[in-house]
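Because the structure is predicted, anything quoted here is derived from the model rather than measured. These numbers come from the heavy atoms of this one structure, side chains and all, not from hydrogens, waters or symmetry mates.
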Amino acid sequence: MALDVVTKRNTQATVSKLIETLTVDLAAVAAQRATTEKTVTVDPSVPPETISRRIMTIATHGTYDTSRYESPSEARQAVLVAAVAAGMQLTDVQRRTQQGSWPGLAQFYSRYSPGQRAASLRRDWLKASKFVANNTAEAPVRKTNTSGPSSQGGWGNGFELGSSQEHQFLRSWRSALALSEKRYQSSRSGLGRRLVLRALGAAAHMTGSRVIEFGVRSLAVSSGIEPTTVAAHLRALRSESDPLIRHVGEARGVHGDQYELVIPAHLQESATKRSWPAGKLHSLRPAFRELGAAAAFVYEALESNANTASVSDVVRETGLSRSAVHDALEVLAAWSLAERTATGWTIRKETSLNAVAEVLGVLEMVIEQVLRYKQQRVLWREWLAQRLTLFSSFPAPDDDYPWEQFCGPPDDWTLSDLALRAAS
């Protein structure tokens, strides 16, 4: 039917020009048919390893960081630049947008009419190819870890996971955290936010990267806070005027949100010059789920002090009220975790926190929580697997392809068209 319409309403010159314009598209269809005939299956949803989570979030969800990209045009161009740098071809991107693997990128072209979208994508692809070619020629041949560190980074900052520079940054971030904790002393939820920040710092130390991807359930186990409350604290922390964390990637599928540890500009110098804290960074150790968060901060202050500390010293270091510090010290002394000497308070190293947690029955509570979250993750993966539908090939001419799910209905559609389509 389409061939009949084209040949009867257009001259041969017009048809020849149309075929010449669609050379790339025809080659893509031919390549897809050849692949199908060879029974070679290619999953278009699997991106090259070199494309970051941030770019994949834009391509699949259409959401982007407005502080990094000022407009949707810049966001979609970033996806194309990443695809070119990853060695993909224009046909690879076209297949992903048409088959629903990259609906986020497809929706960026919904502002164009259906007949203009392919040409717009091709035009943007040429710009991305030119940009990558120019930057590749000017880029240094080799990157090393001895290059000057960047104060803020994330994916693509040139640092290796677990490198000495990353751990140096994490130590400096801990110093910035200690300098910033005064801002949380006046709020009722301040203790919880301090624990969430410590959980993120501990996760960064474990992975050796300032960019972490731990879900709220993992942070809940570490901080002893409910997952919904952890999510609320994360939203509040990343919305601060001088935040210590930055949201760099949306949750997608089995992957959680990505957060990057950052050092506020006004703390750069002081955090770098401050002596790095010794020992591991803990969020909330199991015993303090029963003994209380205040006791955890007081114990941490005594633990980091090589000598004895007075009540005033502990109040100044923890930011807690004097009455809260007195109560916490009494709790620690009752469980033989701290003792008062002639010169001040100190911890009792011979008493094990794990032993106290076992006596309090907290270890069983943590194990039960971990197993419950593990089962929830299994159910979530099953739910995703049941709803994962991908087209294995290009739609046939007579297929009723649901374009409106990805880029909206045609401009000339009316409400009656939509109603009749839904009814059918």
Side-chain angles (χ1 to χ4, degrees), residues 1-40 42 44 59 62 71-134 390-418 420-421 424:
M1 183 187 300
L3 180 62
D4 187 59
V5 170
V6 170
T7 54
K8 287 184 178 180
R9 295 187 180 182
N10 300 277
T11 63
Q12 183 61 37
T14 303
V15 175
S16 300
K17 186 176 180 180
L18 175 62
I19 294 175
E20 182 181 354
T21 304
L22 298 177
T23 301
V24 177
D25 302 86
L26 294 173
V29 174
Q32 179 63 29
R33 287 175 178 171
T35 302
T36 305
E37 291 173 359
K38 295 178 181 179
T39 65
V40 178
V42 178
S71 65
S73 298
E74 293 186 8
R76 79 185 187 199
Q77 198 66 27
V79 176
L80 297 180
V81 169
V84 172
M88 298 174 63
Q89 301 298 322
L90 176 58
T91 53
D92 298 325
V93 178
Q94 289 174 328
R95 183 169 64 248
R96 284 166 167 80
T97 55
Q98 294 174 4
Q99 294 178 354
S101 300
W102 283 6
L105 180 61
Q107 79 174 15
F108 287 133
Y109 290 92
S110 61
R111 59 189 295 264
Y112 301 103
S113 64
Q116 296 176 337
R117 290 166 189 169
S120 300
L121 176 60
R122 188 181 301 108
R123 183 171 58 249
D124 291 342
W125 179 264
L126 294 176
K127 293 179 182 178
S129 301
K130 184 177 180 180
F131 176 83
V132 172
N134 293 337
L390 295 173
F391 294 95
S392 58
S393 62
F394 281 110
D398 56 347
D399 283 349
D400 191 17
Y401 187 78
W403 291 104
E404 69 276 4
Q405 294 183 8
F406 308 110
C407 53
D411 298 334
D412 56 346
W413 273 27
T414 65
L415 291 176
S416 299
D417 295 323
L418 294 174
L420 292 174
R421 183 179 178 88
S424 61

Only counting residues at least two apart or in another chain, list the ones meeting side chain to side chain contact (heavy atoms under 4.5 Å, CB included) with L18.
L22
For Q116, what residues pass the side-chain hydrogen bond (donor to acceptor under 3.5 Å, both in side chains) criterion, not counting sequence neighbours?
S113
By side-chain hydrogen bond (donor to acceptor under 3.5 Å, both in side chains), D124 pairs with (sequence neighbours left out) R76, Y109
Does a side-chain heavy-atom distance below 4.5 Å link L121 with L80?
yes
Could you walk me through whether Q94 and D25 pass side chain to side chain contact (heavy atoms under 4.5 Å, CB included), step by step?
CA-CA 9 Å; Q94 289 174 328; D25 302 86; 3.7 Å; yes
Shortest non-hydrogen pair, V79 vs L105, comes out as CG1-CD2, 4.1 Å
Filter on salt bridge (Lys or Arg N to Asp or Glu O under 4.0 Å), then keep only pairs touching residues 9-20, sequence neighbours left out; what's left?
none
Taking all non-hydrogen atoms of both residues, which atom of D92 and which atom of R95 are closest, and how far apart?
OD1-NH2, 3.2 Å
Residues in side chain to side chain contact (heavy atoms under 4.5 Å, CB included) with T14, at least two apart?
N10, T11
Only counting residues at least two apart or in another chain, list the ones meeting salt bridge (Lys or Arg N to Asp or Glu O under 4.0 Å) with R123.
none
Could you pull out the closest heavy-atom pair between A106 and T97, with the gap in Å?
CB-O, 4.1 Å
Listed by chain and number, what are the side-chain hydrogen bond (donor to acceptor under 3.5 Å, both in side chains) partners of T21, not counting sequence neighbours?
none
Which residues satisfy the side chain to side chain contact (heavy atoms under 4.5 Å, CB included) test with T23, sequence neighbours excluded?
none
Those residues that, when tested against A78, pass side chain to side chain contact (heavy atoms under 4.5 Å, CB included) (two or more places apart)
I55, Y69
Rounding to 0.5 Å, atoms CH2 (W125) and CD (Q89) come to a distance of 6.5 Å
